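These notes concern the structure reproduced below.
Reckoned from all heavy atoms, side chains included, excluding hydrogens, waters and symmetry mates. Remember, it's a predicted structure, so these values are computed and weren't measured experimentally.
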Amino acid sequence: MIFEKTSPPPQEDIWFFVAYTENGRLKRVEMPEITDMTAAFEIPEEFADCDISVYVWGKNMKPLMDKQKVGE
C-alpha cells in the first residue's frame, strides 16, 4: 500500500479484503493479515477463474483506496 499524499492510519485500523465473484455472485471473501503495512494473498486454484477485487478500508468502513481488480 502506498500513501503518497496522506498519512496512513495505524495498521490496526486498516481492513484489507479480497473478494472472489463469479457471474455477479460472491463466492469467497478473505482478510489477509497486514504486517508492516504489507499484505499478500494467494489465489486458491478453485477461484482462479473468478473476478477478484481488493478493497482497503479504514476501521470506520470508509475506503482508503479505490477498489482494485486483480488480473487487469
Side-chain angles (χ1 to χ4, degrees):
M1 291 177 268
I2 301 171
F3 294 88
E4 293 178 359
K5 297 182 180 179
T6 62
S7 297
Q11 180 173 291
E12 58 273 7
D13 291 348
I14 298 173
W15 293 9
F16 182 88
F17 297 93
V18 180
Y20 300 86
T21 58
E22 186 175 55
N23 298 324
R25 296 185 65 192
L26 183 63
K27 294 290 190 176
R28 177 183 172 124
V29 175
E30 297 179 1
M31 279 186 69
E33 185 177 332
I34 300 172
T35 305
D36 296 329
M37 297 301 277
T38 302
F41 63 96
E42 291 186 27
I43 300 168
E45 188 175 323
E46 65 267 28
F47 298 104
D49 292 333
C50 289
D51 293 322
I52 304 168
S53 299
V54 175
Y55 302 85
V56 180
W57 291 337
K59 70 177 181 179
N60 59 2
M61 298 304 288
K62 293 194 179 195
L64 297 177
M65 61 183 264
D66 291 337
K67 175 177 78 169
Q68 303 295 308
K69 289 283 211 173
V70 175
E72 290 186 358

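Of the candidates E46, R28, R25, Y20 forms a side chain to side chain contact (heavy atoms under 4.5 Å, CB included) with just one, namely R28.
The two residues P32 and A39 come nearest to each other via the heavy atoms CB-CB, 4.4 Å. Of all heavy-atom pairs spanning P9 and M37, the tightest one is O-CE, 4.2 Å.
Note that the CG atom of L26 and the CG atom of D51 stand 11.5 Å from one another [nearest 0.5 Å]. To the nearest 0.5 Å, atom CD of residue E22 and atom SG of residue C50 are 4.5 Å apart. Here CG of L64 is found 6.0 Å from CD1 of I14. Values are rounded to the nearest 0.5 Å. Remark: E12 CD to I34 CD1 distance equals 10.0 Å, nearest 0.5 Å.
Residue N60 places its CG atom among more than 12 non-hydrogen atoms of other residues, nucleotides or ligands, all under 6.0 Å distant.
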Checking side-chain contact (heavy atoms from CB on, under 4.5 Å) for the pair W15/V56: CA distance, chi angles, key distance, verdict? CA-CA 6 Å; W15 293 9; V56 180; over 6 Å; no
Show your working on side-chain contact (heavy atoms from CB on, under 4.5 Å) between K27 and F47 and close with a plain yes or no. CA-CA 8 Å; K27 294 290 190 176; F47 298 104; 3.8 Å; yes
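No donor-acceptor pair closer than 3.5 Å links the side chain of E30 to the backbone N or O of F41.
Sequence neighbours left out, the pairs with a member in residues 52-71 that pass ring-ring contact (aromatic ring centres under 6.0 Å, His included) are F17-W57, Y55-W57.
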